[in-house]
Amino acid sequence: MQTADLIWLNGEFVAWEDAKVHVLTHGLHYGTGVFEGIRAYETERGTAIFRHLDHLDRLERSARFYYMDLPFSPAKMREATHELIARNGFRSCYIRPLVYRGYGPMGLDPLTNPVEAMIAVWEWGSYLGEEGKRNGIRAKVSSWRRISPDSLYPHAKASGQYLNSVLAKIEASKAGYEEAILLDHNGFVCEGSGENIFVVKDGVIYTPPQSTSILDGINRKSIITIAHDFGLEVVERDIARGELILADEVFMSGTAAELTPVREIDDYPLGPPGEITRRVQVKFEDALYGRAPEYAEWLDIVQVPSKA
C-alpha cells in the first residue's frame, strides 16, 4: 500500500506513522464507525475530488443512523481534505474519511464515548485492477447473504457492517474469483462486496432497487444519470439470480472499483465487455477526469485556503 506523509486526525495534521488511537477505542472493538471511499483525479483544471459533497452528505447520514453527530462540519472536513491532498503533494488519490466512537467506557452503550474523526489519503489503483476494467472480471455468487434491514441499516456505510462483505470477498477469493455477488435476504441480486451491480438485457439496463438492501452508491447514481443522458432505459427492479447468467452484459460500479465489467459469473461466460458497458464506462471515466463538461459540477477542484 502506498502511504502518505500526513493524516488529518481530530483537527490536526499528523505524520502518517504517528496517527494512532487507543487500543480500547470503541470502534475498534464494536465496529461503531462510519466512513466514505472517495477519489480525487488529475484533471486539466487541477486535482478534482469526484462528488465530494455528496460523499460528505452520505457520511453525515450514516453517522445519524448510529446516533453520532459529526465532530466537524462537512465544510470543515472538505477544507481539511483539500489541504491534506495538497500537503501530501498528490495529484490523484483515494480518500478515506472515518468517524468513529473513541476511547471511553467499554460495553454496548456507546453514547458517552467521544466521537472522533480522521481523513487519510493515499495513491491507490482500481480496486479490481486495470486488467479487470479493460477485459472484465470473474465473479461468484456468494453463499453469504447481504445484511438484512431487519438487523442493521444497509443504507449506512458503517464499519462493522463490512464484516458481511469481508466474508463474501474471502470466499470468492479462495475459490479463485476476483469478486463476490451477494443476494439479499429475499434471494434477489443485491450488490458486490464493495460495488453496485448493473445487468444489461435487450438494450435495457437493470439494477437492484433500494429495497434490496443495497448501499445507495454515489457512482451508481452517476452511471444512471449518464445512461439516461445517452437515452438508455434504466429500470430499478428485483433481479433474480438466474438473470445474471442470461444477461447480455453485467458490470459493477463503486468508488474503489470505478466501473468494472463482469465477463464470467459462476463459471458461466458472459463474454467480453459489451457495447453498452463500454459506452457508459468511457463517458463515466471522462466525467471522473474532467473531460466531460456536462458533468463538471460533479468535480470539487482542490483549493488550499491562503494563510494570512
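The analysis underlying the following values was restricted to heavy atoms, covering all of them including side chains, and did not include hydrogens, waters or symmetry mates.
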Closest approach of Val262 to Met252 (non-hydrogen atoms, all atoms of both residues): CG2-CG, 4.1 Å
Atom CD of Glu44 with >12 non-hydrogen neighbours under 6.0 angstrom: no
Minimum side-chain heavy-atom gap Pro154-Ile214 below 4.5 Å: no
Check: Ser165 side chain, Ser193 main-chain N or O, donor-acceptor pair, under 3.5 Å: yes
Over 12 non-hydrogen atoms of neighbours within 6.0 angstrom of CD in Gln210: yes
Residues Glu236, Arg220: salt bridge by 4.0 Å N-O rule: yes
Check: Ala256 main-chain N/O paired with Arg39 side-chain donor or acceptor under 3.5 Å: yes
Gap separating the CG atom of Leu167 from the OH atom of Tyr162, nearest 0.5 angstrom: 14.0 Å
Any residue meeting side chain to side chain donor-acceptor pair (under 3.5 Å) with Ser222, in chain and number order, not counting sequence neighbours: Arg51
With sequence neighbours excluded, residues passing salt bridge (charged side-chain N to carboxylate O under 4.0 Å, His left out) with Arg146: Glu191
Heavy-atom donor-acceptor pair, Asn219 side chain to Ser253 backbone, under 3.5 Å: no
Candidate pair Ile181 and Val189, rule side chain to side chain contact (heavy atoms under 4.5 Å, CB included), full reasoning: CA-CA 8 Å; Ile181 297 172; Val189 174; 4.3 Å; yes
Lys/Arg N to Asp/Glu carboxylate O, Arg78 vs Asp300, below 4.0 Å: yes
Donor-acceptor under 3.5 Å (Ser148 side chain, Asp150 main chain): yes
Check: Asn164 side chain, Arg145 main-chain N or O, donor-acceptor pair, under 3.5 Å: yes
Validation row: Leu259, Thr277 side chains within 4.5 angstrom (heavy atoms): yes
Residues forming a side chain to side chain contact (heavy atoms under 4.5 Å, CB included) with Thr47, sequence neighbours excluded: Ala40, Ile85, Arg91, Val302
Contact summary for Thr212 and Asp184, nearest pair of heavy atoms: O-CB, 3.2 Å
Main-chain N/O of Pro114 paired with His26 side-chain donor or acceptor, under 3.5 Å: no
Verdict with supporting geometry, Glu36 and His55, side-chain hydrogen bond (donor to acceptor under 3.5 Å, both in side chains): CA-CA 7 Å; Glu36 279 296 315; His55 280 285; 2.7 Å; yes
Side chain Ser142, main chain Ala168, donor-acceptor under 3.5 Å: no
Ser73 (side chain) donor-acceptor with Lys76 (main chain) under 3.5 angstrom: yes
Linked, directly or transitively: Val121 and Phe50 (ILVMFWY side chains, under 4.5 Å): no
Parallel, tilted or perpendicular: ring planes of Phe251 versus Phe198, cut at 30 and 60 degrees: parallel
Distance (rounded to the nearest 0.5 Å) between Glu275 CD and Glu249 CD: 7.5 Å
Side chain to side chain donor-acceptor pair (under 3.5 Å) partners for Arg279, two or more places apart: none
Residues which pass salt bridge (charged side-chain N to carboxylate O under 4.0 Å, His left out) with Asp248, listed by chain and number, not counting sequence neighbours: Lys201
Residue pair Val115, Arg101: steps toward the side chain to side chain contact (heavy atoms under 4.5 Å, CB included) verdict: CA-CA 5 Å; Val115 179; Arg101 289 282 182 180; 3.6 Å; yes
Distance-minimising heavy-atom pair for Ile276 and Leu232: CG2-CD1, 4.1 Å
Check: Ile119 and Arg96 side chains under 4.5 Å, non-hydrogen atoms: no
Steps toward side-chain hydrogen bond (donor to acceptor under 3.5 Å, both in side chains) verdict (Tyr295, Asp229): CA-CA 11 Å; Tyr295 304 120; Asp229 289 347; 2.7 Å; yes
Distance (rounded to the nearest 0.5 Å) between Ile245 CD1 and Glu264 CD: 9.5 Å
Side-chain heavy-atom pair Glu123, Tyr94 within 4.5 angstrom cut-off: no
Check: Asp18 side chain, Val14 main-chain N or O, donor-acceptor pair, under 3.5 Å: no
Electrostatic pair Asp267:Arg138 at N-O distance under 4.0 angstrom: yes
Which atom of Glu116 lies closest to which atom of Asn10, heavy atoms considered: CB-OD1, 3.2 Å
Contact check, side chains of Leu215 and His155, non-hydrogen atoms, under 4.5 Å: no
Verdict with supporting geometry, Leu244 and Asp266, side chain to side chain contact (heavy atoms under 4.5 Å, CB included): CA-CA 10 Å; Leu244 295 173; Asp266 288 341; over 6 Å; no
Sub-4.5 Å side-chain heavy-atom contact between Leu84 and Leu6: yes
Test of ring centre spacing under 6.0 Å for Trp298 and Phe284: no
Test: Glu179 and Lys169 ion pair at under 4.0 Å: yes
Test: Arg241 cationic atom under 6.0 Å from Phe188 six-membered ring centre, within 45° of axis: no
Ring geometry between Phe72 and Trp8 (parallel below 30°, tilted from 30 to 60°, perpendicular above 60°): perpendicular
Atom CD of Glu12: over 12 foreign heavy atoms under 6.0 Å: no
Test item: Glu243 side-chain N/O and Ala240 main-chain N/O as donor-acceptor pair under 3.5 Å: yes
Lys174, NZ: over 12 other non-hydrogen atoms inside 6.0 angstrom: no
Cation-pi geometry met for Arg237 and Tyr206 (6.0 Å, 45°): yes
Stepwise side chain to side chain contact (heavy atoms under 4.5 Å, CB included) check, Val235 with Ile205: CA-CA 6 Å; Val235 178; Ile205 301 175; over 6 Å; no
Centroid-centroid under 6.0 Å between Phe35 and Tyr100 rings: no
Student check: side-chain heavy atoms of Cys190 and Leu183 closer than 4.5 Å: no
Contact summary for Gly217 and Asn196, nearest pair of heavy atoms: CA-OD1, 3.3 Å
Throw together a table of side-chain donor-acceptor distances under 3.5 angstrom for residues 61-70, partners on residues two or more places apart or in other chains.
| from | atom 1 | to | atom 2 | distance (Å) |
| --- | --- | --- | --- | --- |
| Ser62 | OG | Arg58 | O | 3.1 |
| Ser62 | OG | Lys157 | N | 3.0 |
| Tyr66 | OH | Gln161 | OE1 | 2.4 |

Note, Lys133 side chain near Leu128 side chain (heavy atom, < 4.5 Å): no
Minimum heavy-atom distance Ala287-Leu299, with the two atoms named: O-CD2, 3.6 Å
